[in-house]
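Sequence lines set the chain letters: A, B, ... in the order given, protein chains first and strands last, and positions in each chain run from 1. When reading the values below, keep in mind they use all heavy atoms of this one structure, side chains included, and skip hydrogens, waters and symmetry mates.
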Number of protein chains: 2
Amino acid sequence: MPAYRAPVEDTLFVLNDVFKYERYNNLPGFSDASPDIVEAVLREAARMAEEVFFPLNQSGDREGCTRNDDGSVTTPKGFREAFEQYKEAGWMGLAFDPEYGGQGLPYVLHSAIGEYFSSANMAFAMYPGLTQGAMAAIREHGNDKQKQTFLPKMVEGRWTGTMNLTEPHCGTDLGLLRTKAVPQGDGSYRISGQKIFISAGEHDMSENIIHLVLARIEGAPEGTKGISLFIVPKFLVNEDGSVGERNGVTCGSIEEKMGIHANSTCVMNYDDATGYLIGEENKGLRAMFVMMNEARLGVGLQGLSISEVAYQNAVAYAKERIQGRALTGPAAPDRKADPIIVHPDVRRNLMTIRAFNEAGRAFLIWAALKSDVAHRSDNAEERELSQEMMGLLTPVIKGVLTDKGFEHAVMAQQVFGGHGYIEEHGMSQYVRDARITMIYEGANGIQALDLVGRKLPMNGGRAVQAFFKEVGEFCEENRNDESMSFFTKHLKKGLNDLQQATMWFVQNAMAKPDNAGAGSHDYMHLFGLVTLGYMWGLQAKTAQERLAAGDEARKAFLEAKLATARFFMERIMPETSAHLARISAGADSMMALPEDSF
Amino acid sequence: MPAYRAPVEDTLFVLNDVFKYERYNNLPGFSDASPDIVEAVLREAARMAEEVFFPLNQSGDREGCTRNDDGSVTTPKGFREAFEQYKEAGWMGLAFDPEYGGQGLPYVLHSAIGEYFSSANMAFAMYPGLTQGAMAAIREHGNDKQKQTFLPKMVEGRWTGTMNLTEPHCGTDLGLLRTKAVPQGDGSYRISGQKIFISAGEHDMSENIIHLVLARIEGAPEGTKGISLFIVPKFLVNEDGSVGERNGVTCGSIEEKMGIHANSTCVMNYDDATGYLIGEENKGLRAMFVMMNEARLGVGLQGLSISEVAYQNAVAYAKERIQGRALTGPAAPDRKADPIIVHPDVRRNLMTIRAFNEAGRAFLIWAALKSDVAHRSDNAEERELSQEMMGLLTPVIKGVLTDKGFEHAVMAQQVFGGHGYIEEHGMSQYVRDARITMIYEGANGIQALDLVGRKLPMNGGRAVQAFFKEVGEFCEENRNDESMSFFTKHLKKGLNDLQQATMWFVQNAMAKPDNAGAGSHDYMHLFGLVTLGYMWGLQAKTAQERLAAGDEARKAFLEAKLATARFFMERIMPETSAHLARISAGADSMMALPEDSF
């Protein structure tokens, strides 16, 4: 039987010790969330993740969602009730504006508990997750009436939301989309077209579903310049805010997918559905990117989440399963064999995942704090710089944490041997669920291109320079500290490789853009390694400080941090050189083969 | 709709041009298989793979196998008929001894067509595949009566075979197994116990199923020294060779797995079943290894097979799907977007898989030719050296080709974006099917340990030294050839890394065996990179020779070989340095964490 325990202790270490959470209490919402409140919230979220959502994970995967003949969709047994508990606990509005009924607590807290929820049951957590994206878009781009109509109900969790982008012939290239919007003269539009891969598109967990839909207004320019964003509620909303008549949007079918079976991924048919323009005409992509950025961080989080729950189960199995003897002689001589955790290659898998998870968690919390600053600081320059840094980090979070999250789910499955391949132990589900995170909200190839083509050159490279400076200064400040020099030496080497790769693009990609595309994937992962390495540098430093301060209660925990940091530096950081070598090879050999020769 | 075309042209290039197949015609069986016969056999196998087995792949996955209430198992629709065609074509005995009804053709031919069959339908190809392993064990270790009783029927395909090793509490560590064998005084034994994960354990495709079962004879020593191998037929065989009464072996259930749904993976219950000792008492593991080695090569082949079919489908999709524009400007200005094959990151996926597939195919053919020499040469020393080299290469083939085969199925799926995640396009199935190859017949961690712990030191390192010498001489001979120096430079760098890693083990693993275990996975992949790089060196050289000789008919094919070889050297070989760095880090950071801290 799979198991899950939310890593509250680690979240607290990163929040309080590494990033000194209390330093942020000048930001709105932070003063309402003192460290003891933060801990209480984390522990309650952990309890609900472990006791309510996790027990439905495997059964949800087995049962899946059912589309009934009338087009309604039934979610797996227990999902409705679990969602009721989610709503009642107020998780949906935890970090949302009090103006619309939210609690206004820090986004970093929302992000931290989001990890637990997705570890426990990713398919379940997607229902509220997509609602968050829709809420963000309405808050940023909706008019007052739209905000008043939709946000309070969504914050309450009575209504949920979706994002409708993809069509059968267009995924990445939204300029190709065909869904039509015809103005009705009363300010509303008639929306017609088909959208596919719509997560949580139809289900039985909320009173209404608020679809945010990209469509082209009749006569709009072709391509991405003619796309607008619309609110299309499943049920029209009466003047008094109550749910009115059914709108012309229906679920045509549920996709048969590799994983996340408990989330209803729908083909949605819009047939003269009533829609309301949100934001400006033909500027829908901009509005949509508010959702996308939120969603991309959420997807990166999913990568970490699955990696964490898969890791925990692999550790439990490795301690319990006895098979063979340690290479150094029997470790459990009284038993017929040793637990497989004694074998170096089993540990290689476990340590690799662990070293990623703990750095990935720190990475996400670091980024979430920047998001809080970007949205809540009263200093405009600070807001702007944080926003830029978030922009730079978003594709790295999405691309690296999901590529690695999947890879680690596979590694954790491998620890189970043949038992990992049968569905009973749940490891197959983690692999199948994690796989989608590399694809949706912009496939990882797109993230890499976004990083290299858009985020690097942004404002003359200001964000990336700030990043290099921060990491470089950390190395410089600590290199003469004997207890830190091992870590900073490896980190500095990785940073040098990243800086060289950046310089290589500057020199070689302007004249030949394929050189940027050909190196983008490696660059994204190189960037990820340096960021995760920096997180390990920070954690190692904090752990040494706490140990030096005599933090006896967490001695084993802090020593494990140091051991894991060491593993990361020795075993994972060396990959930066292969990435640099590949980037520097350029596009020639990649593009040489004529299309017909494939 | 997925599609598949067997790469006959490439097989012929490797066999005839690279490895000069005709040089082997002094070996028994080879003279019966002149190049034109080889080509005809390959083309007929290709036809059957494409037209008979492939169309059942997706439907077989959907339908799966059904265990009926009486314990019988029904295979998916069409499988019985397809197996009839397989039998009638004589594929089962293609390379088997004529003494038992086989055709005695080269094993290399059997291996080459095995790739096509597994690409077309891996779950189907496993039924005859396991039979081959059982046939090999009976041929090597059975007595005359056993050979006469079982082999002709198996060669005909009327009876199939299985391997029964794993029990619920023991997979890798067979010393723990509990299945009991009680002598009956008449030479036979009563076998009782439970075996799990038995591929093709029960099905409706053959008249009888010959189970090869590891069990412990009553009173035998504990551990691996007390294990014997038994033949346990599903139906006992009458004196006249006809099928007699039902034996006490039944399928208890079918495992619910992540993939290979069309293969029946059974829990097999032995309840006083009649079994016949094969080989010597308590020497069952030795006999079983004949099957295992055969099976490991077959599993490595499966890795390549899935990688190839996944690649072909990704290429087709990348040429057909239009989305976005080339970074260098519109490639198809008359269309609304360019086919995605113009994007460097899409090509990165395709070229990476291609570079692996074509080298992997050469690797398997190279190894299969060594197997032919090992079994058929009249020179004892040559046989022994080839056997040793096969021993060295087997874990590399199994471990590397399956790790990479899976990774590449994932890459190919990624090319499809969201469409790769739904079952319709078949890409999810390739990923799910490929996943098992990293696990069964010895999980890849075991392969790595076998390579480092057993195969490297074998006979004072004679095989590995011979390998280094061969690759080193190739680099030396070609380094002054201007058209080859690019390739040999990269290959030599990889070889140096491999030799350094080997030396590191010699110096650091004797006193501290964990250093060997900690580096084994990286060493296996480092070894794989050098072997695949060597295959590219050989192919590049051959391609240049053929081009210089004016082989106009294959000009595009040969030029594609050079482009792909270049890609491999520039983009994939650089990984050797990261492997070396990790190996040289040793076991300390991997083993540092106390078990309780996990």
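The shortest distance between side-chain heavy atoms of A:L526 and A:I583 falls below 4.5 Å. Side-chain contact between B:E255 and B:I196 is present, with at least one heavy-atom pair separated by less than 4.5 Å. The closest side-chain heavy-atom distance from A:K493 to A:M573 is not below 4.5 Å. Counting heavy atoms from C-beta on, the side chains of B:K512 and B:D588 come closer than 4.5 Å. Contact annotation: the side chain of A:M351 approaches that of A:T564 to within less than 4.5 Å [non-hydrogen atoms, C-beta and beyond].
Both the backbone and the side chain of B:R347 come within contact range of chain A, judged by heavy atoms closer than 4.5 Å. Of the atoms belonging to B:L174, not a single heavy atom falls under 4.5 Å from chain A. Contact annotation for B:L176: only side-chain heavy atoms (C-beta onward) come within less than 4.5 Å of a heavy atom of chain A. Using a 4.5 Å cut-off between heavy atoms, A:F197 contacts chain B through its side chain alone, with no backbone atom that close. For a residue to count as touching a neighbouring chain, one of its non-hydrogen atoms must lie under 4.5 Å from one of that chain's; by this rule B:V431 touches chain A with the side chain only. For A:F557, no part lies near chain B; criterion is any non-hydrogen pair under 4.5 Å. The contact between B:S597 and chain A is made by backbone and side chain atoms together, counting heavy-atom distances below 4.5 Å. Of the atoms belonging to B:F416, not a single heavy atom falls under 4.5 Å from chain A.
When each of B:E559, B:E407, B:M427, B:H419 is scored by its heavy-atom pairs under 4.5 Å with chain A, the top score falls to B:H419. Ranked by heavy-atom pairs under 4.5 Å with chain A, the list B:G445, B:G418, B:G519, B:P574 is led by B:G418. Comparing A:A443, A:G417, A:A337, A:G259 by how many heavy-atom pairs each has under 4.5 Å with chain B, the most go to A:G259. Each of B:E595, B:H521, B:M569 has some count of heavy-atom pairs under 4.5 Å with chain A, and the biggest count is that of B:H521. Among B:A560, B:G420, B:A592, the residue with the largest count of heavy-atom pairs under 4.5 Å with chain A is B:A560. Options B:G171, B:A556, B:G453, B:A563 differ in how many heavy-atom pairs under 4.5 Å they form with chain A, and the most are formed by B:G171. For the set A:I340, A:I260, A:I439, A:T352, the count of heavy-atom pairs under 4.5 angstrom toward chain B peaks at A:I439. When B:E424, B:R325, B:H343, B:K336 are compared by the number of non-hydrogen pairs under 4.5 Å with chain A, B:K336 comes out ahead. Chosen from A:L562, A:L449, A:D173, the residue pairing most often with chain B at heavy-atom distances under 4.5 Å is A:D173.
Under the 4.0 Å criterion applied to side-chain N and carboxylate O atoms, B:D61 and B:R432 are assigned as salt-bridge partners. A salt bridge does not link A:K257 with B:E423: every distance from a Lys NZ or Arg NE/NH1/NH2 to an Asp or Glu carboxylate oxygen is 4.0 Å or more.
For A:K561, the salt bridge (Lys or Arg N to Asp or Glu O under 4.0 Å) criterion is met by A:D10, A:E358, not counting sequence neighbours. Every residue meeting the salt bridge (Lys or Arg N to Asp or Glu O under 4.0 Å) condition with A:R62, not counting sequence neighbours, appears here in chain and number order: B:E256.
Between the side chain of A:N515 and the main chain of A:A587, a donor-acceptor pair closer than 3.5 Å is present. In this structure, the side chain of B:Q447 engages the main chain of B:E441 through a donor-acceptor pair within 3.5 Å. Using modelled atom types, no side-chain atom of A:E167 and backbone atom of A:L177 make a donor-acceptor pair closer than 3.5 Å. Side-chain atoms of B:R435 come within 3.5 Å of backbone atoms of A:V410 as a donor-acceptor pair (strictly under, hydrogens ignored).
Using cut-offs of 30° and 60° for the angle between ring planes, the B:F598 and A:Y311 rings count as tilted.
Interface residues of residues 575-582 of chain A toward chain B, defined by a heavy-atom distance below 4.5 Å and sorted by number: A:E575, A:S577, A:A578, A:A581, A:R582. Residues of residues 312-321 of chain A that come within less than 4.5 angstrom of chain B, heavy atom to heavy atom, are A:V315, A:K319, A:R321 in numerical order.
With a 6.0 Å cutoff to the six-membered ring centre and a 45° limit on the axis angle, A:R566 counts as a cation-pi contact of A:F486.
Considering CD of B:Q413 and CG of B:N349, their distance stands at 11.5 Å, rounded to 0.5 Å. Summarising the geometry, atom CZ belonging to A:R348 is positioned 12.5 Å from atom OG belonging to B:S589; distances are rounded to the nearest 0.5 Å. In this structure, the separation between CG on A:D345 and CD on A:Q414 is 8.5 Å, given to the nearest 0.5 Å.
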